[in-house]
*Asks:* 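Please find one structure pasted underneath; my questions will follow.
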Amino acid sequence: MNPGKIFTSVAFIVTVFILVCSYFWTGALFAFVLAGPLIFMGIFDMSQKRHSIKRNFPVIGRLRYLFEKIRPEIYQYFIESNTNGTPINRNDRAVIYQRAKQQIDTTPFGTQLNVYEEGYEWMTHSIQPIDFQKMDHDPRVTIGAEQCQQPYSMSILNVSAMSFGSLSKNAIEALNGGAQIGGFAHNTGEGGLSPYHLKHGGDIIWQIGTGYFGARTPDGKFSEEAFRKNATLPQVKMIELKLSQGAKPGHGGILPAVKNTPEVAAIRLVEPGVTVYSPPSHSAFSSATELIQFLNKLRELSGGKPVGFKLCIGIKSEFISICKAMIKLNSYPDFITIDGGEGGTGAAPPEFTNSVGMPMLDGLVFADNTLRGFGIRHHIKIIASGKVFNGFHIVRAMALGADACNSARAMMIALGCIQALQCNTNTCPTGVATQNPALTKGLVIEDKKHRVANFHRRTVESFAELLSAAGLSDHSKLDRSYIYKRVSPNVIKTYEEIYPTMIDGTFLNGQLVNGDHTSIV
C-alpha cells in the first residue's frame, strides 16, 4: 500500500481525534501542539518534488538522510558488504549527486585515494595546458560508416541500456527528458521501445536482445515487420543488437512476474503476469557470418541507420571469428559496444555477476587491438559501457580505444537511486526500479530529467577540462601513454606498456590471420 496514503489517513484520524478530545479535555490541545508539526512535516514531504524517499515515505524517510549525514561510512559499509563492493563508492556517489543537483563538487583536503596502493591510476598533465574556455564543451563522434545512410552525431557520454519493465515509466521518462535537454542518446535496453522512451523527444538507441522484445512474433522469433515499424521512427537514431550483457553474459535476461504488468507485456509482446526469461542466445543467426548478414538486414529495415552490436568479451576466438566474417563479406557494423563483466543488473545469479565475463578495460583493449590487427578499426566506432562515473573514466576509456561511453549506474544515481538493493523485488523506495505506482509517483519527472542533464553536462565539461590540462585540443589525440597505473608498490607503468597498441594490419601480414589470436591481450 502507498506509504503516503497511510500517513495521510493516520494524520487525518489523529487530527480529528485530538480536536474531538480537546472539546472535553484541554490537555488534548497540548498533544496537538506536539503532533501538529509532524503532521505538517508529512504533508510538506508528500508535496515536495526533489526527494523521492521523503515523497514516498513522509517524515520517516527523513531518517535515511539523517543517518547518512551523521555516519555515511555505515551506510556504505552495508552496501559493500552485501554486494561484494560492486555499487558506486561514497565519493563517486557524492560527486554524481552534486553534479546532478548543480551543487559544488570540489573536494576538501585533496586526494582521497591512497596513491601508493596497487591499482591507483592517474593521467599526465602538461606545463602548457590549453585554455579550458577554448575547448569544445560538447565533444561528439559521428557513428556511421560507408554502408550507413543516416549517420548519427553522438555525444561522448550517453545513457546505457536499461529497460522499461526493469525501470519505472517515470524513470524512463526522466532519462529521455534529460537526454533531450542535454543532446545525448538514451539506450532502451532489451525490453522494447515504449511510449515513455518517445514522449520527451530524446535521441534513442533501440536495443534488440535475444528475446526480440517489441520486434517479435508470438512464438518469440524475430519479426521484420514489427522491427521496421519502430526502427524507422525519426527519434530512433541507432540500432544495437545485444549479444551479451556484462552483468550476466551467457545467461539471458530475467523480468520477474511482479514487474511484468499488462502494460510492460504489451510493449514486449509477451504474456503478462509471468516471469519472462530472455534466451541466452539469438535464434535469428547461428554463426559469425550470419551475424554480419543479420546486421545488414537490420540496417536495411531501419532505412540505413547506424547498426552495431553489444557484447561482453568472452571466448576471444569468437570475436576474432566475427572480425574474419566482416572481412570475408566486406561488411562492417557501424559500432561495437564493449560491456564489462563488472556491469550491474536488477536480477542475476551472483556467480554470473561476480565471476563471468571480461572486465570492461581488458575487453576494450582486446577489441581495439583485434580490429587494428585486422586493419578494420577505421570502419567501426567503439563504445565503452561499464562503470563510467566521471570525466577521468571517459579519458581512460578513450585512451584505451573507446570513441564514446555509455553509463547506466551513474545515470540512475542522478535520478535519485540510493542503491537500496531492491531492484529485483519491485519495492525500490525511490521509484526508479519498480512498477508499483505507489512508489513510482515519488520520482518527479520534471525535476529528475534536469538532474540527469546536469550530471551529463558537468561530467562532459570535466572531461574537456582534463583534456585541456593534458595539453590536448581534441580527444582523438588521446592514447594509452597518457594514463599511468601502479601495478605494484614500487612499479608504475603506462597503459601503453601494459597493453601495447596493435599496429594496423598486423594480422594480415603473416600466419596470424588463420590462427587463434588469443594472445592479443
*Asks:* With rounding to the nearest 0.5 Å, note down the distance linking OH in Tyr97 to CD1 in Ile413.
*Replies:*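 The distance works out to 5.0 Å.
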*Asks:* Which heavy atom in Lys448 sits nearest to a heavy atom in Ala174, and how many Å separate them?
*Replies:*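 Heavy atoms only, the tightest pair is CB-CB, 3.9 Å.
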*Asks:* Rounded to the nearest 0.5 Å, how far does CD1 of Ile320 lie from CD1 of Ile315?
*Replies:*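 One finds 11.5 Å between CD1 of Ile315 and CD1 of Ile320.
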*Asks:* For a side-chain contact (heavy atoms from CB on, under 4.5 Å) check, start with the C-alpha distance between Thr440 and Thr434, then their side-chain angles and the critical distance, and finish with the verdict.
*Replies:* CA-CA 7 Å; Thr440 299; Thr434 177; 3.9 Å; yes
*Asks:* Which is it for Tyr482 and Lys477 under the side-chain contact (heavy atoms from CB on, under 4.5 Å) test, yes or no, and what are the steps along the way?
*Replies:* CA-CA 10 Å; Tyr482 279 89; Lys477 298 179 181 180; 5.8 Å; no
*Asks:* Do side-chain atoms of Arg377 reach the backbone of Ile380 as a donor and acceptor pair under 3.5 angstrom?
*Replies:*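 Answer holds: yes.
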*Asks:* What's the shortest heavy-atom distance between Arg99 and Gly391, and which atoms?
*Replies:*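 In terms of heavy atoms, the two residues are closest at NH1-N, 4.4 Å.
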*Asks:* Are any side-chain N or O atoms of His450 and backbone N or O atoms of Asp447, one a donor and one an acceptor, separated by less than 3.5 Å?
*Replies:*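 Not a single qualifying donor-acceptor pair exists.
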*Asks:* Rounded to the nearest 0.5 Å, what separates atom CG in Leu371 from atom SG in Cys323?
*Replies:*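 SG of Cys323 is found 5.0 Å from CG of Leu371.
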*Asks:* Would you call Tyr495 and Val365 a side-chain contact if the rule is heavy atoms closer than 4.5 Å?
*Replies:*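 Side-chain contact under 4.5 Å: no.
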*Asks:* Verify the neighbour count for atom CZ of Phe132: are there more than 12 heavy atoms of other residues, nucleotides or ligands below 6.0 Å?
*Replies:*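 Yes.
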*Asks:* Taking side chain to side chain donor-acceptor pair (under 3.5 Å) as the criterion, tell me which of Arg396, Arg486, Lys485 meets it with Glu121.
*Replies:*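 Of the listed options, the one satisfying the test is Arg396.
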*Asks:* For the backbone of Ile143 and the side chain of Asp334, can you confirm whether one donor and one acceptor N or O come within less than 3.5 Å of each other?
*Replies:*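 Judged by distance alone, no pair lies under 3.5 Å.
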*Asks:* Any non-hydrogen side-chain atom of Asn158 less than 4.5 Å from a side-chain atom of Ile383?
*Replies:*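 With C-beta onward as the side chain, the pair stays apart.
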*Asks:* What's the shortest heavy-atom distance between Met411 and Phe455, and which atoms?
*Replies:*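 Smallest heavy-atom distance, with atoms named: SD-CD2, 4.0 Å.
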*Asks:* Check whether more than 12 heavy atoms from other residues, nucleotides or ligands sit under 6.0 Å from atom OH of Tyr120, and answer yes or no.
*Replies:*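 Atom OH in Tyr120 is packed in, count exceeds 12.
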*Asks:* Taking side chain as C-beta onward, heavy atoms only, is Lys381 less than 4.5 Å from Met154?
*Replies:*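 SC-SC contact between Lys381 and Met154 ruled out.
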*Asks:* Where do Ser155 and Gly183 come nearest, in terms of heavy atoms and distance?
*Replies:*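 It is CB-O, 4.1 Å.
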*Asks:* Look at the rings of Phe227 and Phe222 and say which category their plane angle falls in: under 30° parallel, 30 to 60° tilted, over 60° perpendicular.
*Replies:*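 Phe227 vs Phe222 ring planes: tilted.
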*Asks:* Run Leu167 and Leu175 through side-chain contact (heavy atoms from CB on, under 4.5 Å) and show every step you take.
*Replies:* CA-CA 10 Å; Leu167 267 57; Leu175 288 171; 3.8 Å; yes
*Asks:* Does Lys237 use its side chain to pair, donor to acceptor, with the backbone of Ala185 at less than 3.5 Å?
*Replies:*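 Flag not set: sc Lys237 to bb Ala185 has no pair under 3.5 Å.
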*Asks:* For residues 204-216, which residue pairs pass the side chain to side chain donor-acceptor pair (under 3.5 Å) check, not counting sequence neighbours?
*Replies:*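 Every side chain to side chain donor-acceptor pair (under 3.5 Å) pair that includes a residue of residues 204-216, provided the two are not neighbours, is Gln207-Glu240, Tyr212-His282.
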*Asks:* For Lys310, run the side-chain contact (heavy atoms from CB on, under 4.5 Å) check against Ile208, Ile336, Thr337, Leu243 and tell me which one passes.
*Replies:*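 It is Thr337; the other options fail the test.
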*Asks:* Spell out, as yes or no, whether a donor-acceptor pair under 3.5 Å connects the side chain of Gln245 to the backbone of Cys312.
*Replies:*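 It does not hold such a pair.
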*Asks:* Under 6.0 Å from the NZ atom of Lys169, do we count more than 12 heavy atoms belonging to anything else shown?
*Replies:*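 Not more than 12 within 6.0 Å, no.
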*Asks:* Please list, chain by chain and in numerical order, all residues satisfying salt bridge (Lys or Arg N to Asp or Glu O under 4.0 Å) with Arg228, sequence neighbours excluded.
*Replies:*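 So Arg228 forms no salt bridge (Lys or Arg N to Asp or Glu O under 4.0 Å) with any residue.
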*Asks:* Just checking, any donor-acceptor pair under 3.5 angstrom between side chains of Asn170 and Ser168?
*Replies:*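 No, no side-chain donor-acceptor pair sits under 3.5 Å.
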*Asks:* Let me confirm one number: the CG-CD1 distance from Leu198 to Ile172, rounded to the nearest 0.5 Å.
*Replies:*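 Answer rounded to 0.5 Å: 11.0 Å.
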*Asks:* Looking at Thr459 and His456, would you say the former's side chain and the latter's main chain have a donor-acceptor pair under 3.5 Å?
*Replies:*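 Not at all, since once roles are kept as given, no pair shorter than 3.5 Å links the two residues.
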*Asks:* Pairing donors with acceptors under 3.5 angstrom, does anything connect the side chains of Arg451 and Asn454?
*Replies:*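 Checked: Arg451/Asn454 side chains show no N/O donor-acceptor pair below 3.5 Å.
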*Asks:* Can any side-chain N or O of Asp403 pair as donor or acceptor with the backbone N or O of Ile382 at less than 3.5 Å?
*Replies:*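 Indeed, once roles are kept as given, a pair shorter than 3.5 Å links the two residues.
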*Asks:* With heavy-atom distances below 4.5 Å as the criterion, would you say the side chains of Leu439 and Cys428 are in contact?
*Replies:*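 A side-chain contact is absent here, since even the closest heavy-atom pair is not under 4.5 Å.
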*Asks:* Could you go through Phe389 and Val95, starting from their C-alpha distance and side-chain angles, then the distance that decides it, and tell me whether this counts as side-chain contact (heavy atoms from CB on, under 4.5 Å)?
*Replies:* CA-CA 9 Å; Phe389 306 148; Val95 171; over 6 Å; no
*Asks:* Using modelled atom types only, decide if a donor and an acceptor are shared between the side chain of Thr261 and the backbone of Val264 within a distance under 3.5 Å.
*Replies:*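 Indeed, once roles are kept as given, a pair shorter than 3.5 Å links the two residues.
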*Asks:* Does the pair Arg480/Asp368 count as a salt bridge with the N-to-O cut at 4.0 Å?
*Replies:*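 Yes.
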*Asks:* Find out whether His475 and Ile394 are in side-chain contact, i.e. whether some heavy atom of one side chain is under 4.5 Å from a heavy atom of the other.
*Replies:*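 They are not in contact (no side-chain heavy atoms under 4.5 Å apart), so the answer is no.
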*Asks:* So, the side chain of Lys259 versus the backbone of Ser166: is there a donor-acceptor pair under 3.5 Å, distance only?
*Replies:*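 Yes; judged by distance alone, with no hydrogens or angles, the pair exists.
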*Asks:* Tell me whether the count of non-hydrogen atoms from other residues, nucleotides or ligands lying under 6.0 Å of CD in Glu271 goes above 12.
*Replies:*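 Atom CD in Glu271 is not packed in, count stays at 12 or less.
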*Asks:* Would you check if Val460 and Phe184 make a side-chain contact, meaning some heavy-atom pair closer than 4.5 Å?
*Replies:*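 Val460 does not reach Phe184 side chain to side chain.
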*Asks:* Rounded to the nearest 0.5 Å, how far apart are CD of Glu190 and CG of Leu241?
*Replies:*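 Here the rounded value is 11.0 Å.
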*Asks:* So which heavy atom on Gly304 is nearest to which on Cys148, and how close?
*Replies:*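 Closest approach of Gly304 to Cys148: O-SG, 3.4 Å.
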*Asks:* So do Val452 and Leu415 actually touch side chain to side chain, heavy atoms under 4.5 Å?
*Replies:*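 Side-chain contact under 4.5 Å: yes.
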*Asks:* Check salt bridge (Lys or Arg N to Asp or Glu O under 4.0 Å) between Glu173 and all other residues, then give those that pass, not counting sequence neighbours.
*Replies:*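 Only Lys199 meet the salt bridge (Lys or Arg N to Asp or Glu O under 4.0 Å) criterion with Glu173.
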*Asks:* Identify the heavy atoms of Ala257 and Thr275 that sit nearest to each other, and give their distance.
*Replies:*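 Residues Ala257 and Thr275, closest heavy atoms: N-OG1, 3.3 Å.
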*Asks:* State the CD-NZ distance between Gln180 and Lys449, to the nearest 0.5 angstrom.
*Replies:*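 Rounded to the nearest 0.5 Å, the CD-NZ separation comes to 7.5 Å.
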*Asks:* Side chains of His186 and Asn176: donor-acceptor distance under 3.5 Å anywhere?
*Replies:*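 There is such a pair between these side chains.
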*Asks:* Mind checking whether Tyr499 and Asp362 have side chains closer than 4.5 Å, heavy atoms only?
*Replies:*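 Touching, per the 4.5 Å side-chain cut-off.
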*Asks:* Would you check if the side chain of Ser407 reaches a backbone N or O of Val388 as a donor-acceptor pair within less than 3.5 Å?
*Replies:*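 Judged by distance alone, yes, a pair lies under 3.5 Å.
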